[in-house]
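A short write-up of the structure that comes next.
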Amino acid sequence: MPITVGLDFETKSRIDLKTRGADVYASDPSTDILMCSFINKDNGQQWLWNAGEKIPADLVMALNLADEVEAHNARFDQLIYEYIAAPDYGFPLIPAEKWVCTAAQCRVNALPSSLDKATRATNARHKKDNAGSALIRKLCVPDKKTGEFNTDPALHERLGKYCLQDSVAMVALTSLLREMSEIDKRDWQVNERINDRGIKVDIELAKLAQDYAAMEKEALGAALSTLTGGRITKVTQTLKYLEVLKTELPKKLLPLITKTVDGETKYTLDKAARSQLLNSPDLPAHQRHIIDLIDQGGMSSVSKFTAMINRADPDTDRVHGAFTFWGAGQTGRYTSQGLQLHNMKRDCFDATEAKKVIAAMRAGLGLDDPINSLGKLLRPAIIPAKGHKFVVGDWSAIEARVLPWLSDSDGGREVLEVFINGDDIYVITAESMDMDDRQIGKVANLSLGFGGGVGAFQAMAKNYGLTLDDDVVQGVVNAWRDANPWAGKFWRELERAALKAVRNPQTVVPAGRVKYIYIPKILGGTLMCILPNDTVIQYPYARIEKGGVTAMKASVQPKADSTDEWPRKSLWGGFLAENITQATAACLLKELLADMVADDFPVVGHCHDEVILEVLDSEIEDTLLNCQQYMEQSPAWCEDLPLKAVPEIFERYGK
DNA sequence: TGCGGCGGCGCC
DNA sequence: AAAGGGCGCCGCCGCA
């Protein structure tokens with residue numbers, strides 16, 4: 001019987017954990033351990049160790065014998081253990097491969113990641129301990145005024161109880177969950193090794209951009225303040241300005257700032273609304289001027305420079321711990337945080353352009369279209385170390401390949417043939433709809449595979465500057481569905497299989513290349529979808545409502561004080577098709593990363609269908625070829641899925 | 001002052 | 001009946 005020890009550190013530091021991240025936090029000299037609770041999961045034995053106390057002999061033995069050491073957000077506890085507990089307090093070393101993350105286990109079970117939210121979702125016996133977070137504020141961060149840490153022994157003792165409680169809550173919670181598979185555990189490890197390596201940011205650029213943005217923000221705010229007589233002082237106060245517009249905008253323009261959400265009419269000054277207003281000749285000059293300022297002031301992406309600076313290791317300029325394994329509970333895709341690599345503006349400068357802009361900023365010169373220019377420096381602020389370049393490889397049209405492959409249908413195979421032959425899928429898509437517009441073929445291909453209609457097409461069309469009337473789009477939607485009957489058939493097949501599985505517990509129901517099975521004993525009855533490589537995605541608290549299957553929507557939680565049931569979602573065909581497509585693509589990425597890390601490729605980042613390698617100049621050409629080979633070699637479980645990738649070299653990250 | 005809700009925005 | 005969904009972060013605002 002394998003031995004599992006769970007642990008939970010309470011620490012203090014002058015570093016702010018939330019903004020600086022666990023790696024900067026744990027490695028800072030001001031960070032120290034207050035206490036740690038331990039629990040032997042097999043016999044329930046608990047220990048509370050306070051910093052400075054002698055470590056109990058039976059605890060040392062348990063740690064030495066443990067096959068697995070668990071923690072909630074294990075990267076944090078592992079870092080504290082390795083930076084402080086082992087070297088400073090003499091705890092026995094724990095090999096990296098023994099660490100297991102129970103937060104990751106929550107996400108694999110499609111639950112929220114945080115201990116508190118996951119316990120709420122599962123109705124595990126656990127109340128949110130507000131006193132606990134207040135204690136942490138008192139003991140773990142220095143007092144704002146005095147700069148001293150509170151060392152009150154009574155408070156310390158209460159924190160100890162809180163700390164012990166958390167490990168009990170963790171054990172209670174995980175007893176309800178499916179174990180992570182061996183592949184999941186491997187991939188969690190792979191992710192942590194990538195996090196260990198980190199990715200370098202150009203701190204000089206980030207600081208220049210940060211300062212420039214602050215200056216610009218102030219100038220825009222001042223201009224706005226003058227124009228509005230001091231009523232609005234920041235470009236981000238759009239709600240305030242909406243109040244003004246509601247009464248002062250010419251009546252006939254009101255529809256442009258109105259939208260309907262869930263049957264409710266709301267006012268908005270979002271990008272689309274601003275663009276429509278600015279395009280209208282009836283907009284009074286005064287209002288035009290103000291909206292134009294607000295439009296220029298979309299600063300949120302610029303704030304990412306600050307995040308980079310905060311998260312980077314002060315000695316190496318590398319950001320560690322940005323990637324979260326299985327961050328997206330529903331699909332198993334990665335997420336990233338802090339340095340958020342998954343939503344950086346694509347529109348960016350290349351290395352040569354970036355160099356010029358940086359030089360201009362250094363010289364104190366003004367930039368054209370400043371906010372936009374700063375946004376275009378975001379990707380290029382990610383850089384390889386000296387003597388290295390990036391090799392970036394991305395899979396071409398991965399979802400457009402995976403979906404038809406998963407359908408295991410003749411129609412799906414015909415689509416795959418297009419890829420195998422190297423033809424242009426967007427042209428072929430257009431032709432199949434009796435059209436000759438590649439752009440329409442592209443948008444249709446990208447937007448209509450998962451059951452979406454006019455709305456889905458239009459949302460995607462906007463990204464490609466394509467404007468068509470809704471009735472025209474309805475024709476495109478119909479034509480695409482006529483040309484791809486395998487897709488609609490597959491959506492219905494998935495929906496029926498899910499329903500059949502819930503009606504017949506413990507019975508495997510296939511649909512295309514996936515299988516559904518309903519397990520009543522896990523999380524209020526969990527519908528599981530088994531993907532072609534045996535990875536499982538889950539739908540907890542599944543049940544039949546109005547003839548279809550619904551499940552808990554873990555990504556949205558009810559308000560803290562409400563007794564409402566957790567939000568639910570309907571498992572309709574398009575949704576299921578999308579989930580399995582994204583999840584299967586994520587499996588491909590995870591397997592690629594595992595292979596690459598095992599074979600010593602210098603992986604520093606990735607983005608759903610893309611890997612980023614930081615390669616020595618002398619090895620660039622070899623790596624370029626090898627990267628392509630690794631990416632185009634389909635794993636054994638999908639030998640007949642054609643994969644295509646053409647990696648490129650970058651001196652700075654770009655697109 | 002800190003927290004959570006909400007609107008908004010970015011990407012795959 | 002029809003349906004685009006998966007994320008994380010920023011900033012404002014109201015509340016305690």
Side-chain angles (χ1 to χ4, degrees), chain A residues 18-19 107 110 113 117 128 130 133-134 136-137 141 144 217 232-242 259 261 266-274 294 297-304 306-307 322-324 326-348 375 378-379 394-395 397-400 446-460 463 477 491 495 537 546-548 553-562 569-583 585-586 589 606-610 655:
Chain A
K18 198 168 155 30
T19 54
R107 299 191 297 271
S113 195
K117 283 175 184 163
K128 182 171 166 63
N130 287 317
S133 41
I136 289 178
R137 273 205 299 282
V141 292
K144 281 247 157 61
K217 205 170 171 176
I232 293 141
T233 54
K234 291 178 180 175
V235 282
T236 42
Q237 289 170 327
T238 52
L239 279 180
K240 263 191 192 170
Y241 192 55
L242 259 184
K259 69 171 176 184
V261 183
K266 293 192 171 177
Y267 290 95
T268 178
L269 205 54
D270 64 13
K271 216 173 169 183
R274 294 195 305 267
I294 291 175
M299 315 279 296
S300 77
S301 69
V302 171
S303 302
K304 291 186 169 191
T306 309
F323 293 100
T324 305
W326 204 296
Q330 199 51 254
T331 59
R333 297 214 291 194
Y334 285 95
T335 56
S336 68
Q337 58 211 319
L339 176 62
Q340 231 285 52
L341 280 159
H342 286 160
N343 69 349
M344 292 208 149
K345 255 174 98 80
R346 281 178 71 89
D347 182 17
C348 63
L378 268 170
R379 275 185 197 241
D394 63 330
W395 275 307
I398 189 71
E399 292 189 359
L446 293 172
S447 66
L448 300 180
F450 305 130
V454 172
F457 185 98
Q458 295 289 40
M460 185 69 73
N463 298 339
V477 172
W491 305 333
E495 212 170 289
I537 56 173
K546 294 175 192 161
K553 190 173 168 69
S555 56
V556 185
Q557 49 272 326
K559 287 171 187 159
D561 55 350
S562 97
K569 61 189 170 192
S570 161
L571 306 190
W572 59 286
F575 177 78
L576 293 171
E578 185 201 42
N579 282 182
I580 60 174
T581 303
Q582 291 192 344
L589 179 65
H606 47 80
C607 186
H608 303 306
D609 60 356
E610 170 184 315
K655 200 65 209 169

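Chain letters run A, B, ... following the sequence lines, proteins first and then strands; every chain starts at 1.
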A/Y334 OH to B/dC12 P, in whole Å, measures 18 Å

Per atom distances to the A/A328 side chain, the nearest of C/dC13, B/dC12, C/dC7 is C/dC7

Quick one: is A/R346 getting a side-chain N or O under 4.0 Å of the B/dC9 phosphate, OP1 or OP2? no

Regarding the side chain of A/D270, the nearest nucleotide among B/dT1, B/dC12, B/dC9 is B/dC9

Which of B/dT1, B/dG10, B/dG8 is nearest the side chain of A/K345? It is B/dG10

How would you label the contact of A/L269 with the nucleic acid (heavy atoms, under 4.0 Å): base, sugar-phosphate, or nothing?
sugar-phosphate

Students often get this wrong, so: under 4.0 angstrom with heavy atoms, is A/S336 touching a base, only sugar-phosphate, or nothing? sugar-phosphate

With the side chain defined as heavy atoms from C-beta on, A/T335 is closest, among C/dC10, C/dC12, C/dC7, to C/dC7

At 4.0 Å (heavy atoms only), tell me whether A/M344 reaches a base, stays on the sugar-phosphate, or touches nothing. sugar-phosphate

Q: Just call it for A/T268: base, sugar-phosphate, or nothing, with non-hydrogen atoms closer than 4.0 Å on any strand.
A: sugar-phosphate

- Task: Considering just the side-chain nitrogens and oxygens of A/K271, establish if one lies under 4.0 Å of OP1 or OP2 belonging to B/dG10.
- Result: yes

A/F575 CZ to C/dA3 C1', in whole Å, measures 12 Å

Open item on the list: Tell me whether A/K655 at atom NZ has more than 12 heavy atoms from other residues, nucleotides or ligands lying less than 6.0 Å away.
Closed with: yes

| message | Does C/dC9 have its OP1 or OP2 closer than 4.0 Å to a side-chain nitrogen or oxygen of A/S303? | response | no

Between NZ of A/K655 and P of B/dG10 the distance, given in whole Å, is 17 Å

Of A/L339 and A/T331, the one whose nearest nucleotide on DNA chain C sits closer to the 5' end is A/T331

Regarding the side chain of A/Q330, the nearest nucleotide among C/dG5, B/dC12, C/dC7 is C/dC7

A/E495 CD to C/dA1 P, in whole Å, measures 11 Å

> So, is A/K234 close to the C/dC12 phosphate, meaning a side-chain N or O under 4.0 Å from OP1 or OP2?
Replying inline: yes

Query raised in the report: Just to confirm, is there a sub-4.0 Å distance from OP1 or OP2 of B/dC11 to any side-chain nitrogen or oxygen of A/R379?
Result: no

Hits for side-chain hydrogen bond (donor to acceptor under 3.5 Å, both in side chains) against A/Q340, two or more places apart or cross-chain, chain-then-number order -> A/S336

Ranking B/dC12, B/dG10, C/dA3 by distance to the side chain of A/N343, first place goes to B/dG10

Taking every heavy atom of A/L341 against every heavy atom of A/C607, the minimum-distance pair comes out as O-SG, 3.7 Å

### Task
Quick one: label A/K18 by what it contacts on the DNA or RNA (base, sugar-phosphate, nothing), any heavy atom closer than 4.0 Å.
nothing

In whole angstroms, the gap separating P of C/dC10 from CD of A/Q340 amounts to 9 Å

Classify the nucleic acid contact of A/G449 as base, sugar-phosphate or nothing, counting any heavy atom under 4.0 Å across all strands shown.
-> nothing

Do the ring planes of A/Y334 and A/H606 sit parallel (below 30°), tilted (30 to 60°) or perpendicular (above 60°)?
tilted

Separation of B/dG8 atom P from A/Y241 atom OH, nearest Å, is 16 Å

By the 4.0 Å heavy-atom rule, please label A/G574 as base, sugar-phosphate, or nothing. nothing

- When you look at NZ of A/K569, are more than 12 heavy atoms from neighbouring residues, nucleotides or ligands closer to it than 6.0 Å? yes

* Asked: Would a distance-only check, ignoring hydrogens and angles, find a side-chain to backbone donor-acceptor pair under 3.5 Å from A/R107 to A/G329?
  -> no

Inset, instruction - Would you indicate, yes or no, if B/dG4 has its OP1 or OP2 atom less than 4.0 angstrom from a side-chain nitrogen or oxygen of A/K117? - result: no

Worksheet item: Within the pair A/K217 and C/dG11, is there a side-chain N or O less than 4.0 Å away from OP1 or OP2?
Response: yes

Q) Within the structure shown, what part of the strands sits under 4.0 Å from A/Q337 by heavy-atom distance: base, sugar-phosphate, or nothing? A) sugar-phosphate

note: A/R333, atom CZ; C/dG5, atom C1'; distance rounded to Å ~ 9 Å

note: A/L242, atom CG; C/dC12, atom P; distance rounded to Å ~ 15 Å

Taken to the nearest 0.5 Å, the spacing of A/H342 NE2 from A/R333 CZ works out to 8.5 Å

For C/dG6 and A/K553 - does any side-chain N or O of the residue sit under 4.0 Å from the phosphate oxygens OP1/OP2? yes

With the six-membered base ring of C/dG5 as reference, does the ring of A/F450 sit under 5.5 Å away with planes under 30° apart? no

